[in-house]
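In what follows, a single structure is set out as structure tokens and then discussed.
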Number of protein chains: 2
Amino acid sequence: MKLSTRGEYGLRAMFDLALRYGAGPISLKSISERQDISSNYLEQLISVLRKSGLVKSVRGSQGGYFLGKKPADITVGDIIRVLEGPIAPVDCVSEDQTDLCHRAESCIARSVWKKVKDSINEVIDSITLEDMIQESENVKNNNPTHFI
Amino acid sequence: MKLSTRGEYGLRAMFDLALRYGAGPISLKSISERQDISSNYLEQLISVLRKSGLVKSVRGSQGGYFLGKKPADITVGDIIRVLEGPIAPVDCVSEDQTDLCHRAESCIARSVWKKVKDSINEVIDSITLEDMIQESENVKNNNPTHFI
DNA sequence: TCTATATCGTAGCAATTTGGTAGGGTATTG
DNA sequence: CAATACCCTACCAAATTGCTACGATATAGA
């Protein structure tokens, strides 16, 4: 029951961009150094994020990446789903369910997985990059809201 | 963000045993046929469940498996953790965390993963096999509580 | 005591996923 | 026109997944 590093690195990179939102294009190199992620690998991940519209890019010298929307309009769920595919503990509760098993409508196990899925989605869809910025400022000011 | 088939098959097998709780040992063969799971593969999974104490076994002719505790005393979380290891979207929020990164205490991404983890655990630890039996009886009686 | 029935245990294996590396192409700035 | 930086694709080793295979051991019943 784990995320791959794609979602993990992806969120870190997006948060890095969120902290610098409005400051012009941020080079991949600087993100990969700050976040300690291989730049070649991060490039693949950010390419997916770009194709989804979550980030935009400027090519050439002084180019780089920046968020496609305000930090308040990007949720953790947006990022994870783009990089990891739909959240689904098992295939039969996936959004793009192609292989629904014959006993689906009465399967009790399935209803358990659905509850798990809904609960994960509720969490990741309720946290925006702006929320994370706020929390990081609270931590900086020694006022850790996450302990309340 | 997926479970492997280990957790999926394991829960189905345990639910199968729960439905037959008190009826003596249930053969692996009958479970694997009802649940449509390869018996050789299921044998490996149920062996792990046995070593954890969640199921007990009787060897020899007329032998089989049965729950180690009442259905009401076994949660979905017990089963999943035994078969899949600790629930943790990323390693740094795992229970048996050996590799805590240096910025752990102020890492905002980590606090997101912790919320996801807590939310999953809350769901799977609150559902027992007995709850699943109840739900299956409601479905049978055309009184689907999961639609309310 | 024999035999059928089951659980136990371990080894092996093909396919897929993961987590990258490598390297060349293209666009832009100065 | 050169340096910078994004863009794209191919490749690869290691780990994981989802099994199969097969022999050993234990027990019930004839």
Side-chain angles (χ1 to χ4, degrees), chain A residues 1-13 17 20 24-68 80 83-86 88-91 99, chain B residues 1-13 17 20 23-33 35-68 80 83-86 88-91 99:
Chain A
M1 197 61 179
K2 274 185 53 181
L3 230 54
S4 71
T5 57
R6 296 172 62 85
E8 185 185 350
Y9 292 175
L11 178 60
R12 296 232 305 271
L17 288 179
R20 288 157 188 81
I26 310 296
S27 78
L28 183 85
K29 188 155 175 282
S30 73
I31 303 174
S32 80
E33 279 168 2
R34 273 190 300 271
Q35 300 298 326
D36 197 30
I37 301 170
S38 145
S39 65
N40 274 321
Y41 186 44
L42 184 55
E43 198 172 338
Q44 290 175 36
L45 307 185
I46 215 164
S47 161
V48 177
L49 291 166
R50 184 178 55 83
K51 279 162 189 162
S52 79
L54 289 178
V55 306
K56 296 194 188 309
S57 62
V58 176
R59 297 179 70 163
S61 183
Q62 308 301 316
Y65 297 93
F66 53 95
L67 294 186
I80 296 182
L83 290 171
E84 305 258 353
V90 306
D91 285 335
D99 51 350
Chain B
M1 198 60 179
K2 274 185 55 180
L3 231 54
S4 71
T5 56
R6 297 171 62 84
E8 184 184 350
Y9 292 174
L11 178 61
R12 295 229 307 268
L17 288 179
R20 288 157 188 83
I26 310 296
S27 78
L28 183 85
K29 189 156 175 283
S30 73
I31 303 174
S32 80
E33 279 169 1
Q35 299 299 326
D36 197 30
I37 301 171
S38 144
S39 66
N40 276 320
Y41 186 45
L42 183 57
E43 200 172 334
Q44 293 174 32
L45 307 185
I46 214 162
S47 162
V48 176
L49 291 166
R50 184 178 55 83
K51 279 163 189 161
S52 79
L54 288 178
V55 307
K56 295 193 187 313
S57 62
V58 175
R59 296 180 69 164
S61 182
Q62 307 301 315
Y65 297 93
F66 53 95
L67 294 185
I80 295 182
L83 290 172
E84 304 259 353
V90 305
D91 285 336
D99 51 349

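Here the structure is a predicted model, which is why all the values come from computation and not from measurement. To find a chain, count down the sequence lines: A is the first, B the second, and so on, and within it residues start at 1.
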Looking at residues at least two apart in the chain, or sitting in another chain, which of them share a side chain to side chain contact (heavy atoms under 4.5 Å, CB included) with [X]?
| X | answer |
| --- | --- |
| B:D36 | A:R103 |
| A:K56 | A:F66 |
| B:S39 | B:L28, B:S32 |

Within the structure shown, what part of the strands sits under 4.0 Å from B:L28 by heavy-atom distance: base, sugar-phosphate, or nothing? sugar-phosphate
Rounded to the nearest 0.5 Å, how far does OH of B:Y65 lie from CD1 of B:I46? 5.5 Å
Side chain to side chain donor-acceptor pair (under 3.5 Å) against A:R34, all qualifying residues, sequence neighbours excluded: A:D16, A:S30
Given atom [atom1] of [X] and atom [atom2] of [N], what is their separation to the nearest angstrom?
| X | N | atom1 | atom2 | result |
| --- | --- | --- | --- | --- |
| B:I46 | C:dT10 | CD1 | P | 18 Å |
| A:L3 | C:dT18 | CG | P | 10 Å |
| A:K56 | D:dC7 | NZ | P | 12 Å |
| B:E33 | C:dA6 | CD | P | 10 Å |
| A:K2 | C:dT18 | NZ | C1' | 10 Å |
| B:E43 | D:dA24 | CD | C1' | 12 Å |
| A:L42 | C:dT18 | CG | P | 17 Å |
| B:L45 | C:dC8 | CG | C1' | 14 Å |

Residues from residues 57-67 of chain A sitting under 4.0 Å of DNA chain C, heavy atoms only? A:R59, A:G60, A:S61
Applying salt bridge (charged side-chain N to carboxylate O under 4.0 Å, His left out) to A:E33 and not counting sequence neighbours gives A:K29
Check the phosphate of C:dC8 against B:R50, side-chain N and O only, distance under 4.0 Å to OP1 or OP2. Yes or no? yes
Is the shortest side-chain N/O distance from A:Y9 to OP1 or OP2 of C:dG20 below 4.0 Å? yes
Please report the closest heavy-atom contact between A:M1 and A:P89, naming both atoms and the distance. CE-CB, 4.3 Å
What are the two closest non-hydrogen atoms of B:L67 and B:L17, and how far apart are they? CD2-CB, 3.7 Å
So the salt bridge (charged side-chain N to carboxylate O under 4.0 Å, His left out) pairs with at least one residue in residues 57-66 of chain B (sequence neighbours excluded) are none
Mind grabbing the angle between the end helix axes of the helix from C:dT1-D:dA30 to C:dG30-D:dC1? Five pairs an end, 10° rounding. 10°
With a 4.5 Å cut-off on side-chain heavy atoms, are A:L83 and A:L49 touching? yes
Got a list of protein N/O to nucleotides 9-17 of chain D N/O distances below 3.5 Å?
none

Within residues 3-12 of chain A or reaching into it, pairs that qualify as side-chain hydrogen bond (donor to acceptor under 3.5 Å, both in side chains) - sequence neighbours excluded: A:S4-A:E84, A:T5-A:Y41, A:R12-A:Q35
